[in-house]
Amino acid sequence: MFALLYEGGFGLLSAHFLSRAPAAARLESGLVALHPVEVLLFQMEISTIVAVVVVAPLCAYYAWPALIDRGLVRGRRRTVLVWTGGLVATFLVATIAGYLYVAPAMLSYLISDALRAGLVVSYRIDRVAWLVVYTTVGVGVLACIPVAMWLLHRAGSVSYRGCRERWRGVVILVLVLASLLSPGVLSMLLAAASTMIAYGVGLLGLWCLTLGGRRDASNARGP
(Lines give C-alpha, C1' and ligand atoms only; values in the text may rest on other atoms or scores of the structure.)
Protein backbone atom coordinates (compact mmCIF):
# COMPACT_ATOMS: atom_id res chain seq x y z
CA MET A 1 0.00 0.00 0.00
CA PHE A 2 2.77 2.44 0.89
CA ALA A 3 4.66 1.65 -2.34
CA LEU A 4 1.55 2.21 -4.46
CA LEU A 5 0.76 5.53 -2.80
CA TYR A 6 4.39 6.71 -2.84
CA GLU A 7 4.99 5.83 -6.50
CA GLY A 8 2.16 8.02 -7.77
CA GLY A 9 -1.00 6.39 -6.55
CA PHE A 10 -1.80 9.25 -4.17
CA GLY A 11 -1.60 11.81 -6.96
CA LEU A 12 -3.82 9.75 -9.24
CA LEU A 13 -6.42 9.27 -6.53
CA SER A 14 -6.37 12.98 -5.65
CA ALA A 15 -6.78 14.04 -9.28
CA HIS A 16 -9.59 11.56 -9.91
CA PHE A 17 -11.43 12.51 -6.74
CA LEU A 18 -11.18 16.27 -7.33
CA SER A 19 -12.38 15.80 -10.91
CA ARG A 20 -15.74 14.73 -9.46
CA ALA A 21 -16.20 18.12 -7.77
CA PRO A 22 -18.15 20.93 -9.55
CA ALA A 23 -16.22 22.81 -12.25
CA ALA A 24 -16.46 26.13 -10.38
CA ALA A 25 -15.10 24.52 -7.24
CA ARG A 26 -12.14 23.06 -9.13
CA LEU A 27 -11.29 26.45 -10.63
CA GLU A 28 -11.47 28.48 -7.42
CA SER A 29 -10.05 26.05 -4.88
CA GLY A 30 -6.87 24.10 -4.50
CA LEU A 31 -4.76 21.83 -2.34
CA VAL A 32 -1.66 22.96 -0.49
CA ALA A 33 0.97 21.16 1.59
CA LEU A 34 2.26 23.08 4.60
CA HIS A 35 5.23 20.73 5.05
CA PRO A 36 7.29 18.73 2.52
CA VAL A 37 6.68 15.44 4.35
CA GLU A 38 2.98 16.04 5.07
CA VAL A 39 1.83 13.74 2.28
CA LEU A 40 4.49 11.16 3.20
CA LEU A 41 3.22 11.01 6.79
CA PHE A 42 -0.34 10.54 5.58
CA GLN A 43 0.74 7.67 3.34
CA MET A 44 2.53 6.02 6.27
CA GLU A 45 -0.54 6.38 8.52
CA ILE A 46 -2.88 4.89 5.91
CA SER A 47 -0.48 2.02 5.22
CA THR A 48 -0.27 1.24 8.94
CA ILE A 49 -4.05 1.18 9.29
CA VAL A 50 -4.36 -1.15 6.30
CA ALA A 51 -1.70 -3.44 7.77
CA VAL A 52 -3.58 -3.71 11.07
CA VAL A 53 -6.87 -4.46 9.31
CA VAL A 54 -5.28 -7.15 7.14
CA VAL A 55 -3.49 -8.86 10.03
CA ALA A 56 -6.45 -8.81 12.46
CA PRO A 57 -8.36 -11.76 10.87
CA LEU A 58 -5.17 -13.85 10.83
CA CYS A 59 -4.59 -13.18 14.53
CA ALA A 60 -8.22 -14.07 15.31
CA TYR A 61 -7.90 -17.33 13.38
CA TYR A 62 -4.87 -18.56 15.37
CA ALA A 63 -6.15 -17.21 18.70
CA TRP A 64 -9.54 -18.91 18.28
CA PRO A 65 -8.71 -22.15 20.21
CA ALA A 66 -7.40 -20.17 23.19
CA LEU A 67 -10.47 -17.92 23.13
CA ILE A 68 -12.75 -20.96 23.16
CA ASP A 69 -10.86 -22.50 26.11
CA ARG A 70 -11.41 -19.29 28.08
CA GLY A 71 -15.11 -19.16 27.19
CA LEU A 72 -14.83 -15.86 25.32
CA VAL A 73 -16.23 -17.12 21.99
CA ARG A 74 -18.22 -20.04 20.64
CA GLY A 75 -18.35 -21.88 17.34
CA ARG A 76 -15.74 -23.45 15.10
CA ARG A 77 -12.58 -21.74 13.98
CA ARG A 78 -13.55 -21.90 10.32
CA THR A 79 -16.23 -19.33 11.09
CA VAL A 80 -13.41 -16.76 11.06
CA LEU A 81 -12.99 -17.42 7.33
CA VAL A 82 -16.71 -16.91 6.74
CA TRP A 83 -16.65 -13.73 8.77
CA THR A 84 -13.63 -12.43 6.91
CA GLY A 85 -15.20 -13.07 3.52
CA GLY A 86 -18.50 -11.46 4.51
CA LEU A 87 -16.88 -8.44 6.12
CA VAL A 88 -14.42 -7.89 3.26
CA ALA A 89 -17.26 -7.99 0.71
CA THR A 90 -19.33 -5.57 2.80
CA PHE A 91 -16.35 -3.28 3.32
CA LEU A 92 -15.48 -3.13 -0.39
CA VAL A 93 -19.05 -2.47 -1.53
CA ALA A 94 -19.64 0.23 1.11
CA THR A 95 -16.24 1.86 0.47
CA ILE A 96 -16.87 2.04 -3.27
CA ALA A 97 -20.29 3.56 -2.61
CA GLY A 98 -18.70 6.10 -0.27
CA TYR A 99 -16.02 6.99 -2.82
CA LEU A 100 -18.53 7.40 -5.65
CA TYR A 101 -21.32 9.20 -3.79
CA VAL A 102 -20.71 10.21 -0.17
CA ALA A 103 -17.20 11.70 -0.36
CA PRO A 104 -17.72 13.81 -3.54
CA ALA A 105 -21.01 15.13 -2.17
CA MET A 106 -19.38 16.10 1.13
CA LEU A 107 -16.38 17.81 -0.50
CA SER A 108 -18.58 19.58 -3.06
CA TYR A 109 -20.81 20.91 -0.28
CA LEU A 110 -17.84 22.25 1.72
CA ILE A 111 -16.28 23.94 -1.32
CA SER A 112 -19.57 25.35 -2.59
CA ASP A 113 -20.43 26.70 0.85
CA ALA A 114 -17.09 28.51 1.05
CA LEU A 115 -17.44 29.88 -2.49
CA ARG A 116 -20.92 31.21 -1.76
CA ALA A 117 -19.30 33.24 1.01
CA GLY A 118 -16.94 34.79 -1.55
CA LEU A 119 -13.82 32.91 -0.49
CA VAL A 120 -10.98 31.45 -2.53
CA VAL A 121 -10.26 28.18 -0.78
CA SER A 122 -7.01 26.25 -0.39
CA TYR A 123 -7.38 23.04 1.59
CA ARG A 124 -4.49 21.28 3.30
CA ILE A 125 -3.71 18.00 1.59
CA ASP A 126 -3.79 15.93 4.77
CA ARG A 127 -7.16 17.42 5.83
CA VAL A 128 -8.77 16.66 2.49
CA ALA A 129 -7.16 13.22 2.45
CA TRP A 130 -8.54 12.36 5.89
CA LEU A 131 -11.94 13.70 4.83
CA VAL A 132 -11.86 11.30 1.90
CA VAL A 133 -10.79 8.46 4.21
CA TYR A 134 -13.60 9.18 6.67
CA THR A 135 -16.25 9.35 3.94
CA THR A 136 -15.04 6.28 2.02
CA VAL A 137 -13.23 3.84 4.31
CA GLY A 138 -15.31 5.13 7.22
CA VAL A 139 -18.51 4.24 5.41
CA GLY A 140 -17.12 0.76 4.78
CA VAL A 141 -16.18 0.29 8.44
CA LEU A 142 -19.60 1.48 9.63
CA ALA A 143 -21.33 -0.93 7.26
CA CYS A 144 -19.26 -3.79 8.72
CA ILE A 145 -20.53 -3.18 12.26
CA PRO A 146 -24.12 -4.49 11.81
CA VAL A 147 -22.88 -7.27 9.51
CA ALA A 148 -20.35 -8.35 12.16
CA MET A 149 -23.08 -8.37 14.81
CA TRP A 150 -25.29 -10.57 12.64
CA LEU A 151 -22.42 -12.96 11.87
CA LEU A 152 -21.48 -13.25 15.54
CA HIS A 153 -25.10 -13.95 16.39
CA ARG A 154 -25.41 -16.64 13.74
CA ALA A 155 -22.23 -18.26 15.08
CA GLY A 156 -23.69 -18.30 18.58
CA SER A 157 -21.01 -15.97 19.98
CA VAL A 158 -23.28 -13.09 21.01
CA SER A 159 -26.97 -12.71 21.78
CA TYR A 160 -29.47 -10.01 20.99
CA ARG A 161 -30.26 -9.51 24.68
CA GLY A 162 -26.55 -9.27 25.48
CA CYS A 163 -26.00 -6.59 22.84
CA ARG A 164 -29.06 -4.68 24.02
CA GLU A 165 -28.19 -4.83 27.72
CA ARG A 166 -24.53 -3.86 27.23
CA TRP A 167 -25.11 -0.80 25.05
CA ARG A 168 -23.85 1.56 27.78
CA GLY A 169 -20.52 -0.21 27.88
CA VAL A 170 -20.34 -0.06 24.10
CA VAL A 171 -20.98 3.70 24.18
CA ILE A 172 -18.17 4.25 26.70
CA LEU A 173 -15.77 2.08 24.68
CA VAL A 174 -16.63 3.91 21.45
CA LEU A 175 -16.11 7.32 23.07
CA VAL A 176 -12.75 6.28 24.51
CA LEU A 177 -11.52 4.90 21.18
CA ALA A 178 -12.84 7.93 19.28
CA SER A 179 -11.07 10.30 21.68
CA LEU A 180 -7.78 8.43 21.17
CA LEU A 181 -7.99 8.01 17.40
CA SER A 182 -9.71 11.23 16.28
CA PRO A 183 -7.67 14.40 15.64
CA GLY A 184 -10.27 16.76 17.16
CA VAL A 185 -13.39 17.03 19.31
CA LEU A 186 -15.78 17.47 16.39
CA SER A 187 -14.40 14.46 14.53
CA MET A 188 -14.56 12.45 17.78
CA LEU A 189 -18.24 13.24 18.22
CA LEU A 190 -19.04 12.52 14.58
CA ALA A 191 -17.17 9.21 14.66
CA ALA A 192 -18.78 8.16 17.95
CA ALA A 193 -22.29 9.14 16.81
CA SER A 194 -21.89 7.35 13.47
CA THR A 195 -20.60 4.21 15.20
CA MET A 196 -23.50 4.13 17.64
CA ILE A 197 -25.98 4.60 14.78
CA ALA A 198 -24.41 1.60 13.06
CA TYR A 199 -24.64 -0.34 16.34
CA GLY A 200 -28.31 0.61 16.55
CA VAL A 201 -28.87 -0.66 13.01
CA GLY A 202 -27.23 -3.93 14.04
CA LEU A 203 -29.51 -4.19 17.08
CA LEU A 204 -32.54 -3.55 14.90
CA GLY A 205 -31.43 -6.30 12.53
CA LEU A 206 -30.94 -8.72 15.44
CA TRP A 207 -34.36 -7.79 16.80
CA CYS A 208 -35.90 -8.69 13.45
CA LEU A 209 -33.90 -11.93 13.17
CA THR A 210 -34.77 -13.08 16.68
CA LEU A 211 -38.39 -11.84 16.62
CA GLY A 212 -37.75 -9.53 19.52
CA GLY A 213 -35.34 -11.91 21.26
CA ARG A 214 -37.61 -14.96 21.27
CA ARG A 215 -35.40 -16.87 18.79
CA ASP A 216 -31.93 -16.05 20.08
CA ALA A 217 -29.41 -18.21 18.23
CA SER A 218 -26.70 -17.83 20.87
CA ASN A 219 -29.02 -19.23 23.54
CA ALA A 220 -30.15 -22.15 21.38
CA ARG A 221 -26.62 -23.33 20.51
CA GLY A 222 -24.02 -24.81 22.74
CA PRO A 223 -20.30 -23.97 22.80
Considering all heavy atoms, the nearest Thr135-Ala103 contact: OG1-CB, 3.1 Å

Nearest heavy-atom contact between Leu175 and Ala192 is CD2-CB, 3.6 Å

Any [X] side-chain heavy atom under 4.5 Å of [Y] side chain:
X	Y	value
Thr136	Val102	no
Met196	Val170	yes
Val137	Phe91	yes
Met149	Val201	no

Got a sec: does the CZ of Arg166 have more than 12 other heavy atoms crowding it under 6.0 Å? no

Donor-acceptor check, side chain of Ser179 to backbone of Val176, threshold 3.5 angstrom: yes or no? yes

Give a yes or no answer on whether the side chain of Tyr199 reaches the backbone of Val171 with a donor-acceptor pair at less than 3.5 Å. no

[X], [Y]: one ILVMFWY side-chain cluster at the under-4.5 Å cut-off?
X	Y	value
Leu204	Ile197	no
Val88	Val139	no
Leu87	Leu58	yes
Trp167	Leu206	yes
Tyr62	Ile68	yes

Return a table of donor-acceptor pairs under 3.5 angstrom between the side chains of residues 1-10 and protein atoms on other chains or two or more places apart.
none

Run the side chain to side chain contact (heavy atoms under 4.5 Å, CB included) test against Ala198 and tell me which residues pass, sequence neighbours left out. Leu142, Ile145, Pro146

Would you give the length of the straight line joining atom OH of Tyr134 to atom OG of Ser194, rounded to the nearest 0.5 angstrom? 11.0 Å

Enter the distance from Tyr160:OH to Leu209:CG here, rounded to the nearest 0.5 Å. 11.0 Å

Can you list, by chain and residue number, the hydrophobic cluster partners of Leu173 when the side-chain cut-off is 4.5 Å? Leu177

